[in-house]
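First up is the structure itself, then whatever we jot down about it.
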Amino acid sequence: MAGSNEVNLNESKSVVPLNTWVLISNFKLAYNLLRRADGTFNRELAEFLDRKVPANTIPVDGVFSFDHVDRNSGLFNRVYQPAPENVTTWGIIELEKPLSTTEIVPVIIFFHGGSFSHSSANSAIYDTFCRRLVSMCKAVVVSVNYRRSPEHRYPCAYEDGWNALNWVKSRTWLQSGKDSKVYAYMAGDSSGGNIAHHVAVRAAEEDVEVLGNILLHPLFGGEKRTESEKKLDGKYFVRLQDRDWYWRAFLPEGEDRDHPACNPFGPKGKSLVGLKFPKSLVCVAGLDLLQDWQLEYVEGLENSDQDVKLLYLKEATIGFYFLPNNDHFYCLMNEINTFVHPNC
Amino acid sequence: MEIVSDSSSPSKTKDIDGLLANVGYKVRSSELHQVAQNLERLESAIVNSSSDISQFASDTVHYDPSDIGNWVDNLLSEFDHTASLPYDFSQLPDLSAPPPQHHHHQSSSTVNNVEEDSAIKLVHMLMTCADSVQRGNLSLAGSLIEGMQGLLANMNTNSGIGKVAGYFIDALNRRIFGQNNVSHQVSLYENDVLYHHYYEACPYLKFAHFTANQAILEAFNGHDCVHVIDFNLMHGLQWPALIQALALRPGGPPFLRLTGIGPPSPDDRDNLREIGLRLAELARSVNVRFAFRGVAAWRLEDVKPWMLQVSSKEAVAVNSIFQLHRLLGSESDSNYHSGIEMVLGWIRSLNPKIVTVVEQEANHNENGFMERFTEALHYYSTVFDSLEACPVEPDKAMAEMYLQREICNVVCCEGPARVERHEPLVKWKERLGKAGFRPLHLGSNAFKQASMLLTLFSAEGYCVEENQGSLTLGWHSRPLIAASAWQAVPLLDAETLRFDC
């Protein structure tokens with residue numbers, strides 16, 4: 001036990017800028033305080049500690065946002081759009097006209113991370129990230145406030161994701177291009193990436209068009225312990241035992257990590273051969289202990305004859321994209337930009 | 001000689017790490033190393049200890065998580081001590097509400113497309129109408145009003161945009177037809193009745209009272225003579241809970257004085273005194289020595305500090321629930337300062353232990369009519385949404401009327417008649433900072449109180465958020481009211497007060 005508890009913090013400090021280190025370590029500390037050994041979660045303290053920001057219909061740095069609340073579910077989606085050129089229309093939400101009748105404006109449905117348990121669509125880190133996505137990738141972003149575990153286990157998050165996808169696809173004001181349709185992509189980091197995958201599978205099975213999936217160090221796993229898990233356990237902000245806690249909190253009680261939600265190409269998984277699955281951009285951080293699972297995922301897509309591009313960032317840790325103070329961030333944004341504007 | 005007390009010097013704010021600020025955290029660049037070190041120390045301490053970390057975290061009181069340095073320091077120092085438990089207001093008999101009703105909000109699961117289209121058109125017309133009003137094109141505005149009334153006739157006006165739009169159309173109508181400066185006079189009695197139903201229908205007032213009381217209770221720790229000054233006594237609904245809490249405090253209750261400010265009563269009545277008598281009765285029943293004084297004034301600007309008879313031996317709490325914003329449009333007697341500066345000045349001169357401030361979290365004080373109108377439309381739509389889930393009549397209908405008065409004031413009135421000059425917390429922080437106050441942080445214990453309060457309301461969209469030491473209560477992701485606490489920065493010996501009392 002002593003080995004896995006050994007904390008060698010110097011390693012992580014040497015690979016990220018200091019402010020990033022403080023940010024991620026702070027999250028790690030807070031998260032440790034919230035998880036209880038009996039599998040319950042201190043939701044109240046979690047909400048107290050989480051930094052949230054309201055939406056803002058007045059553009060800030062060229063991006064404005066507003067929340068749409070679904071009266072039935074009580075869940076909201078936060079929509080981020082580029083500021084309109086006409087300053088007199090600032091503050092007014094356009095819900096009739098399409099985004100454009102000439103150009104194609106990609107709409108990225110974003111699922112925030114947090115291992116299925118933490119954060120919200122209005123968490124400051126994710127609000128800022130979505131705003132950057134809009135300005136750097138010239139897209140509209142819809143961030144989904146899905147239900148979290150352990151209060152809401154599998155398949156709640158996937159259902160919320162599916163509902164959000166259908167909501168987005170049916171908004172006339174999210175349409176663009178000469179053929180007036182919604183150019184929908186899905187994206188997510190950590191658990192959000194996992195959600196994007198599963199929603200995409202359902203979309204493919206039910207013939208709902210998704211043009212692409214962007215997965216940032218997505219959360220996958222399995223019963224076996226991979227080399228990267230053994231090698232990197234506790235080294236770069238993440239411990240294996242914590243990952244296990246989150247799966248126990250998310251998966252149906254009694255299930256293990258080979259459940260297909262966790263291990264889509266594992267022993268209980270299914271092949272996607274023949275399915276009209278969207279092209280995928282999978283970003284793997286080289287210092288993430290889950291990378292072997294993510295690489296298996298990429299392989300699984302390839303074996304199913306699906307279009308997938310792997311972006312392997314060798315010296316990146318988890319959460320490298322929260323602050324724009326490293327090369328990985330800009331590299332990622334570039335890739336996403338190209339991914340959602342394939343004809344430019 | 002004039003010393004301006006300024007709690008945030010410019011050089012200090014420049015040093016804050018900008019990227020961390022963008023994601024909600026305040027850490028000075030020069031302190032990053034120290035903070036990192038403390039994070040490491042805390043991590044080691046946790047890893048090497050056998051105690052239950054989640055229990056420790058639950059028992060500790062946390063403050064302002066955006067200040068990572070202080071938050072970590074607090075945890076480090078608490079780590080080996082047992083934390084004291086927060087006072088549980090919900091245990092008090094006075095606060096027991098009727099059992100929560102399991103009312104599942106019924107809404108049509110398919111808003112038919114026609115309804116949704118009408119809603120969109122209606123909002124567009126409202127904006128265009130407000131714009132025409134701003135430009136002075138009153139004939140266009142008038143015809144738009146007719147058009148909107150026509151649309152409304154075919155819409156559901158019992159909920160959603162149809163309902164709140166009705167109030168805004170009405171307000172625009174009044175403005176156009178020259179009722180600008182009629183400050184929508186309501187009799188004091190009517191106001192009282194509406195207030196009471198508003199208090200029952202939604203948690204905003206209760207949240208304000210609970211949160212302020214928690215902070216006042218803590219500020220009064222260790223003091224034997226305490227004096228609360230309530231800027232708007234109304235029915236004194238806030239005070240039974242505080243009296244009870246003081247009665248039960250370890251070591252026994254202090255001597256409590258309450259000064260309630262309110263409008264003069266009509267006829268021969270003395271409403272303030274009546275409320276005071278009731279509170280005195282309650283205090284007597286729980287053995288709290290209590291004295292009450294009523295100060296009758298139409299406006300806060302008319303109150304002079306000597307009327308409050310504050311003694312230097314007592315710990316003073318000034319309590320302002322939705323009152324400060326009313327001072328923003330007025331001019332004071334002296335030529336130099338506005339009403340708000342004058343009042344903040346004399347509050348400070350009382351040297352209060354704590355000033356509790358609750359205000360609407362909205363920007364309804366812009367000079368531009370269009371901006372104000374748009375803001376108000378978004379804000380009150382959200383408030384009305386939250387009210388929709390209230391199952392109790394006539395509380396709900398009366399609460400709506402209470403809010404309608406606010407809407408009318410924001411939309412129709414100008415000049416001194418416009419008293420609903422709501423400003424967001426960020427502006428209040430600036431104002432109070434400049435006036436010589438520094439924030440007292442509300443912590444996770446107050447957050448817990450507020451969360452518990454919300455469980456008494458059946459609607460599930462209410463949410464409490466922590467915002468750098470203040471707490472906000474909102475509907476879904478939109479904060480609607482903000483509660484904060486303040487303390488006067490100590491006056492230095494040689495300082496001359498800027499303001500005359």
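Hydrogens, waters and symmetry mates are skipped; everything else that's a heavy atom, side chains included, is used. Every chain is numbered from 1, with letters handed out A, B, ... down the list of sequences.
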Looking at [X], I want to see if its [atom1] is surrounded by more than 12 non-hydrogen atoms of other residues, nucleotides or ligands under 6.0 Å.
| X | atom1 | result |
| --- | --- | --- |
| B:E460 | CD | no |
| A:D327 | CG | no |
| B:N367 | CG | no |

Roughly how far, to the nearest 0.5 Å, is [atom2] of [Y] from [atom1] of [X]?
| X | Y | atom1 | atom2 | value |
| --- | --- | --- | --- | --- |
| A:K13 | B:L39 | NZ | CG | 9.0 Å |
| B:R478 | A:F76 | CZ | CZ | 13.5 Å |
| A:I92 | B:D131 | CD1 | CG | 7.5 Å |
| B:I120 | A:L95 | CD1 | CG | 5.0 Å |
| A:E44 | B:S58 | CD | OG | 7.5 Å |
| A:L45 | B:S54 | CG | OG | 10.5 Å |

Item to complete: Answer with side chain, backbone, both or neither: which region of A:R131 has an atom nearer than 4.5 Å to a non-hydrogen atom of chain B?
Response: neither
Worksheet item: Under a 4.5 Å heavy-atom cut-off, does chain B meet the side chain of A:R43, its backbone, both or neither?
Response: neither
Worksheet entry | Full working for side-chain contact (heavy atoms from CB on, under 4.5 Å) between B:E40 and A:W21 | CA-CA 11 Å; B:E40 283 175 315; A:W21 191 92; 3.6 Å; yes
If you compare all heavy atoms of [X] against all heavy atoms of [Y], which two are closest, and at what distance to 0.1 Å?
| X | Y | answer |
| --- | --- | --- |
| B:L19 | A:L323 | O-CD2, 3.7 Å |
| A:N19 | B:L20 | O-CD2, 3.7 Å |
| B:H378 | A:G91 | CE1-O, 3.6 Å |

Tell me, side chain or backbone of [X] under 4.5 Å from chain A's heavy atoms, or both, or neither?
| X | result |
| --- | --- |
| B:T374 | side chain |
| B:E465 | side chain |
| B:W71 | side chain |
| B:L42 | side chain |
| B:D17 | side chain |
| B:H124 | side chain |
| B:V464 | neither |

Worksheet item: Can you name the residues of residues 57-69 of chain A that have some heavy atom under 4.5 Å away from a heavy atom in chain B?
Response: A:T57, A:D67, A:V69
Item to complete: Could you list which of residues 118-127 of chain A have a heavy atom closer than 4.5 Å to any heavy atom of chain B, in residue-number order?
Response: A:N122, A:A124, A:I125
Practice prompt. Please work out whether the ring planes of A:F48 and B:H62 are parallel, tilted or perpendicular, with thresholds of 30° and 60°.
Written response: tilted
Worksheet item: So A:D70 and B:H476, side-chain contact (heavy atoms from CB on, under 4.5 Å) or not? Walk me through it.
Response: CA-CA 10 Å; A:D70 181 329; B:H476 289 288; over 6 Å; no
Fill in: Most chain B-contacting option - heavy-atom pairs closer than 4.5 Å, from A:N26, A:L23, A:N325, A:L49
A:N26
Practice prompt. List the steps, then state whether salt bridge (Lys or Arg N to Asp or Glu O under 4.0 Å) holds for A:R51 with B:E466.
Written response: CA-CA 8 Å; A:R51 310 289 81 211; B:E466 193 284 341; 2.6 Å; yes
Worksheet item: Would you say the side chain of A:L33 lies within less than 4.5 Å of the side chain of B:L75, judging by non-hydrogen atoms?
Response: yes
Item to complete: Using a strict 4.0 Å threshold on nitrogen-to-oxygen distance, state whether B:E388 and A:R71 make a salt bridge.
Response: yes
